[in-house]
Amino acid sequence: MAMAGSAVGLGNIWRFPYMVGEHGGAAFIIVYIICCLLVSLPIFFAESIIGKATRKDTFGALGTLAPRQRNVGFVAILASFVILSFYSVVGGWSIDYLIRSLGGSFSGRSIAEAREVFAAMSASSVENVSCMLVFLGLTALIVGAGVEKGIGRFSKISMPVLFIMVVMIAVVSLSLPGAGKGVEYLVKPDFSKLDGPAIAAALGQSFFSLSLGVGTILTYSSYMKEEDSILATGGWTAFFDTVFALIAGFAIMPAVFAAGIEPAAGPSLVFETLPVIFSQMGKVLPVVFFLAILIAALSSSISMLEVVVAWLVDQKKMRRSHAVLAVFGAAALLGSACAVAPRVFSACDFFSSNVLMMIGALAFAMIVGWKMPREEVLRYVRYRFVYWLIRYAAPVMILAIAVTNLV
Ligand code: TRP
């Protein structure tokens, strides 16, 4: 559940549905699933094997398996920290909007007005920073409570609740007059739209959506029970992540089309269009929607914080509470910079997902594919074919995504 929580996040809600619609509906979904199976899942397995085989934090694990490459572990930890900082700004917005929707502040508004509300909020440093701090504080509380009592318990309760909430929104959304156009947008296969950029987008999205390359999966896997299967855990995580993204699509696009609006992606969809549309259907739906966003964001942010905390506890011998506090303080600083300066925000976003994550993922796949003894890897992944994917296909595809994203 914790792995699923890490995987299910803003990426599923504000990027996936739009990508599907723009890149050929069901045709894109098929490509996405193939990318997941052939590239992202093998990388997931690689990361997971490193964690489970060493039972250490990201830096310590690489130090054990590949001492000369251990600084890549540090790159991954840094990436987690950077992602945590800007992700917390968006997490803060979801708290802000949850409070606003509890006060019914979107009912009767137009989308143009909602746009002004969002612009005013994201320009207000005080509001932005304080909501970010509340979000980061919640993240720290959960992680501070421990791996089992904090992260584990939160995930076991929040994931099923999140699932029910999104299904609920999808049911309402699908029952609106005119919802059919949204369904058509999502599923009607258009193979002519499957060009190079569409395939690169599918690959990049499956990669980000499974939280790969920054030590999240590695760190969580270091807490797995001996008898837990890496193949099953990875398979279920990818399955749940994809199903959730699809349901999120059915929760969002039918409502967007029913309201006669052009679909979009990113913050404008979640904070400008949807609050207005959902407010037209009563007071409850916007509250459920922003609560869902908050839970999805929290279950991802705790996985990023845990990567850094595990490193401080294992390597620097810090007490867990002190480690959580230290990372909270540092992320609060970088998060504040992201909250007040949009340029810092996009730089953090760009650098972490296009550079740092790629370095991490490449290193994880290469270490498992080329450094670990083949028999040991096969003990975890059983099938030669999977080993082959980790050894050859994954590194090549990671380089391909990195190049397409950067040029
Ligand atoms: N997978 C999450 C999403 O789709 C984001 C996320 C969580 C993430 N942990 C991560 C992304 C680690 C990269 C690395 O929103």
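In this chain, residues are counted from 1 in sequence order. Note that ligands are numbered from 1 as they come in the structure, with each ligand's atoms numbered from 1 the same way.
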I need the atoms of ligand 1 closer than 4.0 Å to a non-hydrogen atom of [X], numbered in the order shown.
| X | value |
| --- | --- |
| Ser300 | 2 (C), 7 (C) |
| Ile83 | 13 (C), 14 (C) |
| Gly11 | 3 (C), 4 (O), 15 (O) |
| Ala7 | 1 (N), 2 (C), 3 (C), 4 (O) |

**OP:** For ligand 1, note which part of Val8 has a heavy atom under 4.0 Å away: side chain, backbone, both or neither.
**Re:** neither
Subject >> Contact partition for Ser303 relative to ligand 1, non-hydrogen atoms under 4.0 Å >> reply: side chain
Original post:
So is Met357 in contact with ligand 1, going by heavy-atom distances below 4.0 Å?
Top reply: yes
Original post:
Hey, would you say the Tyr32 and Phe16 ring centroids sit under 6.0 Å apart?
Top reply: yes
**OP:** Answer with yes or no after comparing the ring centroid distance for Phe45 and Tyr380 against a 6.0 Å cut-off, counting only values under it.
**Re:** no
Original post:
Which residue supplies the protein heavy atom nearest to atom 14 (C) of ligand 1, what is that atom called, and how far is it?
Top reply: Val214 CG2, 3.2 Å
Subject >> atom 6 (C) of ligand 1 [closest protein heavy-atom partner, distance rounded to 0.1 Å] >> reply: Ser211 OG, 3.5 Å
Are [X] and [Y] packed together at the side-chain level, in the sense that at least one heavy-atom pair is separated by less than 4.5 angstrom?
| X | Y | answer |
| --- | --- | --- |
| Tyr220 | Ile151 | yes |
| Phe106 | Pro286 | no |
| Leu399 | Leu362 | yes |
| Phe135 | Trp93 | no |

Original post:
Among side-chain atoms of Ser6 and Ser300, is any donor-acceptor pair under 3.5 angstrom?
Top reply: no
Subject >> Basic-acidic side-chain contact under 4.0 Å: Glu127, Arg100 >> reply: yes
Considering both backbone and side-chain atoms of [X], is one of its nitrogen or oxygen atoms within less than 3.5 Å of a nitrogen or oxygen in ligand 1?
| X | result |
| --- | --- |
| Met304 | no |
| Phe208 | yes |
| Thr216 | no |
| Leu212 | no |
| Leu10 | yes |

Original post:
Above 12 or not: heavy atoms from other molecules or residues under 6.0 Å from CD of Glu376?
Top reply: yes
